[in-house]
Visitor: 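The structure's right below; bear with me while I get my questions together.
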Protein chains: 2
Amino acid sequence: MRTTNVQDQVLRAALDLFSTQGYATTSVQEIVAAAGVTKGAMYHYFASKDDLLFAIYDRLLSLQKARLEEIVAAGAERGDGVEEVLRAVCEDVISTSIEFLPEGTVFTRSQHMLTPERQKEVKRRRREYHEEFEALLRRGIQEGLFRDDVPTAMLIAHFFSDVHYLSQWYSPTGPATAGQVAEQITELFLRGIRATT
Amino acid sequence: MRTTNVQDQVLRAALDLFSTQGYATTSVQEIVAAAGVTKGAMYHYFASKDDLLFAIYDRLLSLQKARLEEIVAAGAERGDGVEEVLRAVCEDVISTSIEFLPEGTVFTRSQHMLTPERQKEVKRRRREYHEEFEALLRRGIQEGLFRDDVPTAMLIAHFFSDVHYLSQWYSPTGPATAGQVAEQITELFLRGIRATT
DNA sequence: CCACACAAACCGACCAGACGGTACGGAGGT
DNA sequence: ACCTCCGTACCGTCTGGTCGGTTTGTGTGG
């Protein structure tokens with residue numbers, strides 16, 4: 001197996017503590033105590049506290065990217081229309097973000113705590129993701145389905161604002177299910193960007 | 001006068017450093033050095049580092065609340081329709097958020113660094129603001145202008161996600177002016193929430 | 001089945017330094 | 001004489017990270 005029990009436990013504890021207390025206010029001592037391991041064990045697998053934080057980003061970015069490409073590929077194979085694909089992508093990223101809510105909390109809140117190089121990498125990978133998203137928008141605009149009087153950059157920001165904001169208001173114990181939220185936000189977004197015929 | 005030069009300089013420096021480096025990674029030493037005062041002077045006016053952070057929240061919350069009420073009152077006096085008032089409110093909060101972009105950065109990023117009581121107060125005042133916003137939405141729904149198939153809580157989240165996300169992507173040196181952004185986001189939002197007749 | 005070797009896994013006491021905050025005294029106005 | 005304002009030196013605490021050493025696992029030769 002690729003990951004040991006120690007790594008798993010530490011990352012799990014780190015995610016939990018970072019998302020509830022914040023990165024800076026969580027000490028390595030707390031993390032290893034919560035994980036049930038010692039500092040020596042932890043520093044055997046991770047070079048720094050920063051590694052723990054970055055692991056959270058890496059996992060989420062990889063996951064979202066993979067899902068995006070999977071959906072786009074499946075849509076292309078099926079010959080789906082742009083709006084259909086875009087809807088699937090939107091609903092999926094929202095659902096996934098709800099599934100990984102603690103990660104989302106850390107993601108928005110602690111980006112500036114990463115080392116500068118890693119901040120750059122996170123930015124780069126987010127940009128890549130956005131560009132793939134933008135390609136869908138452009139296709140839709142070209143086909144006359146989506147409005148062309150608002151820059152795509154703003155449409156992207158408009159959608160991902162919802163995605164990032166999820167961790168600040170959504171509660172699994174609340175009235176709405178993840179699926180409902182995904183559907184409704186996507187609907188609001190699509191309604192906003194459709195061309196007026 | 002109410003505020004001394006020391007207070008002003010310190011708060012200005014704190015805002016600048018908190019927004020660029022983050023609260024936890026900014027030391028009191030750095031702040032007083034940037035403000036050109038000594039620690040003794042600072043601690044004469046502020047009880048703790050936390051006070052500096054809360055001052056940023058307090059100012060922004062007060063400002064936004066005041067502007068909201070002003071606009072709603074003006075709209076009521078003029079006898080404006082709900083959509084007209086809501087549009088004015090939305091455009092104003094976006095413009096204001098752009099005007100106070102560093103405050104917005106700190107706002108979203110450092111809420112969990114406040115003392116628990118102050119976190120509660122921030123939450124309470126935000127909720128008050130949202131409730132006033134919600135009243136507009138409800139009025140619009142009642143009048144059949146806005147859709148009633150999506151919970152108002154979600155419509156609120158959908159709009160304020162854009163507001164909070166501004167500090168993460170908007171650049172004053174970018175292509176879009178504050179006014180354009182305010183107009184376009186508001187347009188996207190309103191288009192999304194209008195009832196389909 | 002054992003003895004041995006060697007590396008990976010792990011322990012926990014221990015730094016060096018930075019941090020927020022304080023104590024105390026002086027300066028200057030009233 | 002007194003109070004506000006502020007400078008300086010200092011304190012106790014906590015932090016991320018290290019390091020020498022021990023334990024555990026595993027492959028190997030007899």
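Letters go in sequence order (proteins before strands), and every chain restarts at 1.
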Visitor: Let me know the distance between CZ of Phe46(B) and C1' of dC5(D), rounded to the nearest Å.
Guide: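 Those two atoms, CZ and C1', are 14 Å apart.
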
Visitor: Tell me the interatomic distance from Gln7(B), atom CD, to dC6(D), atom C1', rounded to whole angstroms.
Guide: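 Between C1' of dC6(D) and CD of Gln7(B): 13 Å.
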
Visitor: Counting any heavy atom closer than 4.0 Å, what does Thr25(B) reach on the DNA or RNA strands: base, sugar-phosphate only, or nothing?
Guide: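 Counting heavy atoms under 4.0 Å across all strands, no contact is made by Thr25(B).
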
Visitor: Does a nitrogen or oxygen in the side chain of Tyr45(A) sit under 4.0 Å from OP1 or OP2 of dC10(C)?
Guide: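 Yes, within the criterion.
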
Visitor: Under a 3.5 Å distance rule, please check whether Tyr57(A) uses its side chain to pair with a backbone N or O of Gln111(A) as donor and acceptor.
Guide: yes

Visitor: Verify whether one side chain among Glu91(B) and Thr186(B) offers a donor that lies under 3.5 Å from an acceptor in the other.
Guide: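 No pair is found: no donor N or O on one side chain lies under 3.5 Å from an acceptor on the other.
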
Visitor: What is the distance from CE of Met42(B) to C1' of dA23(C), rounded to the nearest Å?
Guide: 16 Å

Visitor: Could you give the CD-to-C1' distance, from Glu30(B) to dC19(C), as a whole number of Å?
Guide: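 From Glu30(B) CD to dC19(C) C1': 11 Å.
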
Visitor: On DNA chain C, does the nearest nucleotide to Ser48(B) precede the nearest nucleotide to Thr38(A) from the 5' side, or the other way round? Give the residue.
Guide: Thr38(A)

Visitor: Under 4.0 Å, counting only non-hydrogen atoms across every strand here, what does Val6(A) touch: a base, just sugar-phosphate, or nothing?
Guide: sugar-phosphate

Visitor: I need the OH-C1' distance between Tyr43(B) and dC10(D), as an integer number of Å.
Guide: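 Rounding to the nearest Å, OH of Tyr43(B) and C1' of dC10(D) are 14 Å apart.
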
Visitor: Is there a donor N/O on one and an acceptor N/O on the other, under 3.5 Å, for the side chain of Lys39(B) and the base of dG21(C)?
Guide: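 Result: at least one qualifying N/O pair found.
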
Visitor: Is Tyr170(A) reaching over with its side chain to a backbone N or O of Ala176(A), donor-acceptor style, under 3.5 angstrom?
Guide: yes

Visitor: Return the value, rounded to whole Å, for the distance between atom CD of Gln29(B) and atom C1' of dT8(D).
Guide: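 Atom CD in Gln29(B) sits about 11 Å away from atom C1' in dT8(D).
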
Visitor: Let me know the distance between CG of Asn5(A) and C1' of dC10(C), rounded to the nearest Å.
Guide: 14 Å

Visitor: Would you say dC10(C) has OP1 or OP2 under 4.0 Å from some side-chain N or O of His44(A)?
Guide: no

Visitor: More than 12 heavy atoms of other residues, nucleotides or ligands under 6.0 Å from CD of Glu77(B): is that the case?
Guide: no

Visitor: Could you state the atom-to-atom distance from NZ of Lys49(A) to C1' of dA18(C) in whole Å?
Guide: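 It works out to 14 Å between those atoms.
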
Visitor: Is it true that the side chains of Ser62(A) and Arg125(A) contain a donor and an acceptor less than 3.5 Å apart?
Guide: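 Judged by distance alone, the side chains do pair up.
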
Visitor: Name the closest nucleotide to the Ser27(A) side chain, picking from dG20(C), dT15(D), dC10(C).
Guide: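 My answer, after comparing the listed nucleotides, is dT15(D).
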
